[in-house]
Amino acid sequence: QVQLLESGGGLVQAGGSLRLSCTASGLTFTDKTVGWFRQAPGKDREFVAGGPWNIPSTRYTDSVKGRFTISRDSNKNTLYLQMNSLKPEDTAVYYCAANFNGETYYDPTSWGYWGQGTQVTVSS
């Protein structure tokens with residue numbers, strides 16, 4: 001059984017930083033495409049960042065470029081999302097995703113596995 005477990009969310013002031021983690025069980029990240037999405041209340045789930053695990057090529061949505069960074073630890077089978085210079089509009093539940101099989105990273109239905117989500121709240 002595949003499980004993706006996110007952690008690291010919380011409450012932070014604007015301008016602050018958080019690092020999210022996503023650890024997989026029942027699945028090895030190293031041959032997968034992995035990513036992060038977020039969903040704010042009343043909004044659709046939005047692609048944040050992602051790319052193939054074993055190729056240093058990551059795509060970021062425009063609103064987080066220069067502020068968020070994906071990193072990978074193969075030994076721990078863990079994906080990270082470092083979030084700096086956080087803004088109130090970054091407030092959302094953040095989800096880890098894996099096993100991309102589609103035409104665009106931005107389409108949530110193209111991803112096969114999801115974590116349960118972790119809440120990130122940025123206060124102004």
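For the pair Ser110 and Gly102, the tightest heavy-atom approach, listed with the atom from each and the gap, is OG-CA, 3.7 Å. The two residues Pro88 and Ala14 have their closest heavy-atom pair at CD-CB, 4.1 Å.
The ring of Phe47 has its center no closer than 6.0 angstrom to the ring center of Trp36.
The CG atom of Leu79 sits 5.5 Å away from atom CZ of Phe29, with the distance rounded to the nearest 0.5 Å. Atoms CZ and CD, from Arg67 and Gln82 in turn, are 12.0 Å apart once rounded to the nearest 0.5 Å. One distance of note links CG of Leu4 with OG of Ser25; it measures 7.5 Å at 0.5 Å rounding.
With 3.5 Å as the limit, one finds no donor-acceptor pair spanning the side chains of Thr30 and Asn54. Judged purely by distance below 3.5 Å, without hydrogens or angles, the side chains of Ser21 and Thr78 never pair a donor atom with an acceptor atom. Looking at Glu89 and Thr91, their side chains never bring a donor and an acceptor atom within 3.5 Å of each other.
Between the side chain of Arg72 and the backbone N or O of Trp53 there is at least one donor-acceptor pair closer than 3.5 Å. A donor-acceptor pair under 3.5 Å is absent between the side-chain atoms of Gln3 and the main chain of Ala24, judged by distance alone. Distance alone, capped at 3.5 Å, places no donor-acceptor pair between the Ser57 side chain and the Ile55 backbone. The closest donor-acceptor contact from the side chain of Glu6 to the backbone of Thr118 lies at 3.5 Å or more, if one exists at all. Asn101 contributes no side-chain N or O that, together with a main-chain N or O of Gly112, makes up a donor-acceptor pair within less than 3.5 Å. A donor-acceptor contact shorter than 3.5 Å is absent between the side chain of Tyr113 and the backbone of Leu27. Formation of a donor-acceptor pair under 3.5 Å by the Thr104 side chain with backbone atoms of Tyr106 is found in this model. When atom types are taken as modelled, the side chain of Glu46 and the backbone of Arg38 share no donor-acceptor pair closer than 3.5 angstrom.
Linking Ile, Leu, Val, Met, Phe, Trp and Tyr residues whenever their side-chain heavy atoms come within less than 4.5 Å places Ile70 and Leu18 in a single cluster. Put simply, Leu5 and Val93 are part of two different groups of oily side chains (I, L, V, M, F, W, Y) that touch within less than 4.5 Å, one to the next. Val64 and Val34 fall within a single hydrophobic cluster, where Ile, Leu, Val, Met, Phe, Trp and Tyr are joined by side-chain heavy atoms under 4.5 Å apart, directly or via other members. Cluster annotation: Tyr105 is not connected to Phe68 through the hydrophobic network of ILVMFWY side chains, with a link wherever side-chain heavy atoms come within less than 4.5 Å. Tyr60 and Tyr95 fall into different hydrophobic clusters, defined by Ile, Leu, Val, Met, Phe, Trp and Tyr side-chain heavy atoms under 4.5 Å apart, directly or through other members.
The pair Asp90-Lys87 does not meet the salt-bridge criterion, since no charged nitrogen lies less than 4.0 angstrom from a carboxylate oxygen.
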- Could you walk me through whether Val120 and Leu20 pass the side chain to side chain contact (heavy atoms under 4.5 Å, CB included) test, one step at a time? CA-CA 9 Å; Val120 171; Leu20 306 183; 4.0 Å; yes
- What's the verdict on side chain to side chain contact (heavy atoms under 4.5 Å, CB included) for Met83 and Tyr94, showing C-alpha distance, side-chain angles and the deciding distance? CA-CA 11 Å; Met83 306 186 296; Tyr94 283 71; 3.8 Å; yes
- Item | Intermediate values then yes/no, side chain to side chain contact (heavy atoms under 4.5 Å, CB included), Lys32 and Phe100 | CA-CA 7 Å; Lys32 299 293 188 292; Phe100 171 77; over 6 Å; no
- Kindly determine whether Asn99 and Thr33 satisfy side chain to side chain contact (heavy atoms under 4.5 Å, CB included), including the steps that lead there. CA-CA 6 Å; Asn99 203 32; Thr33 296; over 6 Å; no
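Cation-pi geometry between Arg19 and Tyr80 is met: under 6.0 angstrom from the ring centre, within 45 degrees of the axis. At least one cation-pi condition fails for Arg45 and Trp111: the charged atom is not both under 6.0 angstrom from the six-membered ring centre and inside a 45 degree cone around its axis.
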